[in-house]
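To start, the structure under review is shown below, and the notes come after it.
A quick note: this is a predicted structure, and the numbers were derived from the prediction, not measured. Lettering follows sequence order; numbering is per chain, from 1.
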Amino acid sequence: MKIIELKHVTRQYPDGFTALHDLNLSLESGKFYSLLGPSGSGKTTILRLIAGFDQPTQGEILFNGRKINDLPAAQRPLNTVFQNYALFPHLNVFENIAFGLKVKKVPADQIQVKVDRMLSLVRLEGFGQRSVQELSGGQQQRVAIARALVNQPKVLLLDESLSALDKKLRKTMQFELRSIQKQLGITFIFVTHDQEEALAMSDEIFVLNEGRLQQSGSPSAIYDEPVNEFVARFIGDSNLLMGHMIRDFEVEFDNHRFECADAGIKPGEQVQVLLRPEDLSLVAPQQGKIVVEVLSQLFLGDHYEIWAKDDAGFNWLIHTVEKAPTKRCGLHFAPDAIHVMRLGESESEFDQRLSQYEDNEK
Amino acid sequence: MKRIGRALYLILAFVLLYLPIVYLAYFSFSSGKDMVRFQHFSWVHYQVLWSDKELLAIFLQTIILAILSSLIATAIGTCGAWGIFRLRGYRRKTMLVLNNVLMVAPDVIIGASFLICFTALGIGLGFFSVLLSHIAFSIPIVVLMVLPRLQDLDLTLIDAAQDLGAGRGVIFNQIVLPEIMPGILSGLFMALTYSLDDFAVTFFVTGNGFKTLSVEIYSRARQGINLEINALSTVMLLVVMLLAGGYLFLTRQHELALGARS
């Protein structure tokens with residue numbers, strides 16, 4: 001069931017800056033969504049529009065099929081966890097969490113029960129009377145989550161909510177957020193610029209750039225089949241080369257022809273080719289598809305990061321679990337490791353082409 | 001050497017500033033009738049002061065006036081600061097300039113203009129006219145004390161309160177007000193001291209029935225030396241020092257709280 005829909009939403013500021021261009025999103029109930037993009041991509045604007053802190057200049061925002069453009073933030077059945085947590089500094093932990101319930105005039109005995117339940121959900125039992133200022137970053141984060149969830153929102157919005165935490169704590173909170181979401185079964189919309197975070201937590205990711213939706217899909221779909229160079233570069237490391245199609249399932253780049261898994265593109269059309277570093281392996285020179293010379297290798301604990309240069313002058317980034325066998329070696333990759341991208345192809349055109357040639361195969 | 005010189009300079013400056021006050025207070029304890037020679041220690045002038053029912057009534061009136069005018073000015077000034085804070089661009093600048101002009105304008109001019117205004121409107125001169133003018137000249141200082149605290153206010157707190165379902169009234173009373181309370185208290189203290197020691201404005205707008213201490217002291221001092229005035233001035237000095245101490249204590253407390261926060 002669709003819980004939130006954005007239809008042709010544009011947000012333009014009085015100074016002429018357009019934060020969002022004709023954006024369409026549709027979110028289903030009970031899933032974990034991420035809005036992923038660099039700063040200035042419009043992801044926080046989307047969140048503020050959904051929360052009701054801002055209004056679109058054009059387009060509609062629907063909640064359960066009902067238009068909510070003009071509904072004040074205070075009346076929307078959703079709550080937000082802010083980037084800096086925005087805990088009320090003069091209230092203690094209990095009073096912070098109880099704030100929304102008190103405003104709604106919930107009886108005191110019920111408030112006590114609900115707040116206690118939330119405190120145990122975020123594992124802060126016994127912290128009720130503490131001042132929020134003496135809590136650590138991670139604890140403040142939990143209070144902010146509890147303060148939002150105690151109102152039993154249909155949707156929880158999280159604005160860069162983990163970015164202020166150190167790496168280890170962030171990982172822990174990622175797990176906890178995900179498990180809270182599964183436990184309560186409500187929709188989470190998580191805004192982040194951290195692609196790893198988005199990949200790890202989401203059911204579905206929306207990749208944004210300069211106020212436009214670039215691609216949406218499951219983490220693996222976006223990682224394995226990015227629709228354009230921006231998505232490819234933004235999510236994960238990549239080797240990107242220009243080339244052209246020879247025919248279906250054959251592409252030429254780097255002065256060689258390779259078998260590939262892509263089709264539905266005119267022969268001779270210029271394309272961009274993506275190879276993920278972990279899909280590449282180093283073998284003996286005569287066994288590889290391309291001969292490369294190793295420039296540097298770094299041991300990063302769980303893998304080696306190797307830079308190697310081929311005869312055409314392209315610098316390859318390779319992630320392997322083993323050291324490069326020799327200075328000159330062969331570069332090997334499977335046909336389906338090659339991902340061919342048409343220049344300027346939109347997400348819908350991409351989906352259409354994909355379904356077309358997949359039908360032909362059958 | 002340089003440090004000692006600087007310290008000496010400071011001490012000298014403070015001695016010069018405080019000498020007349022100390023001199024005045026010193027003679028309030030003399031049993032004599034003039035300030036030529038200190039006779040011997042006595043409370044006689046304080047006893048006269050205590051039995052001077054007229055002067056005590058004026059003292060009480062002055063304090064009631066100060067409390068009343070500063071409370072009303074603080075309420076109006078706080079709302080005014082909130083209003084200015086919510087303005088943007090040139091409107092905000094204009095309002096701020098208008099506010100600051102009132103701060104720096106000479107008291108004589110303000111007093112004279114109030115006098116003209118009250119006579120034109122047919123408002124009788126007395127307690128009410130003095131109260132109105134004290135409220136009026138205290139508002140700008142309250143605005144100036146409250147506005148910086150509003151500017152330090154984290155606006156996402158307001159977003160957060162809205163998000164949790166709070167309306168405007170709840171946001172102002174439960175989120176904004178506690179956050180800017182230190183500014184409001186400083187404004188209140190400043191308004192209190194402004195009202196207590198104002199002479200020029202009060203002198204213009206006071207009538208037959210109502211006097212404040214500063215006006216009374218002025219008229220008595222013109223009639224010749226009377227050490228009762230010295231005793232009264234010393235009492236007032238103590239009151240003002242207590243107020244200043246209280247203000248200092250409150251701001252210190254707030255700074256400590258801020259320190260704990262960061």
Sort out for me which of Leu87(A), Asn151(A), Asn84(A), Leu157(A) touches chain B most, counting heavy-atom pairs under 4.5 Å.
Asn84(A)
Please rank Thr80(A), Val132(A), Leu91(A), Val81(A) by heavy-atom pairs under 4.5 Å with chain B and give me the top one.
Thr80(A)
For Phe82(A), is it the side chain, the backbone, both, or neither that has a heavy atom closer than 4.5 Å to a heavy atom of chain B?
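Just its side chain gets close to chain B.
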Value rounded to 0.5 Å, distance of [atom1] in [X] from [atom2] in [Y]:
X         : Y         : atom1 : atom2 : result
Phe88(A)  : Leu157(B) : CZ    : CG    : 6.5 Å
His90(A)  : Gln174(B) : NE2   : CD    : 7.5 Å
Ile158(B) : Phe53(A)  : CD1   : CZ    : 11.0 Å

Nearest heavy-atom approach of Ala74(A) to Ala166(B) is CB-O, 3.9 Å
Does atom [atom1] ([X]) have a neighbourhood of more than 12 heavy atoms from anything else shown, all under 6.0 Å?
X         : atom1 : answer
Tyr13(A)  : OH    : yes
Tyr194(B) : OH    : no
Met236(B) : CE    : yes
Arg88(B)  : CZ    : yes
Lys93(B)  : NZ    : no

If the threshold is 4.0 Å, N to carboxylate O, is there a salt bridge linking Arg48(A) and Asp159(B)?
yes
Mind ranking Thr156(B), Asp154(B), Asp163(B) by heavy-atom pairs under 4.5 Å with chain A and telling me who comes out on top?
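Top count of heavy-atom pairs under 4.5 Å with chain A: Asp163(B).
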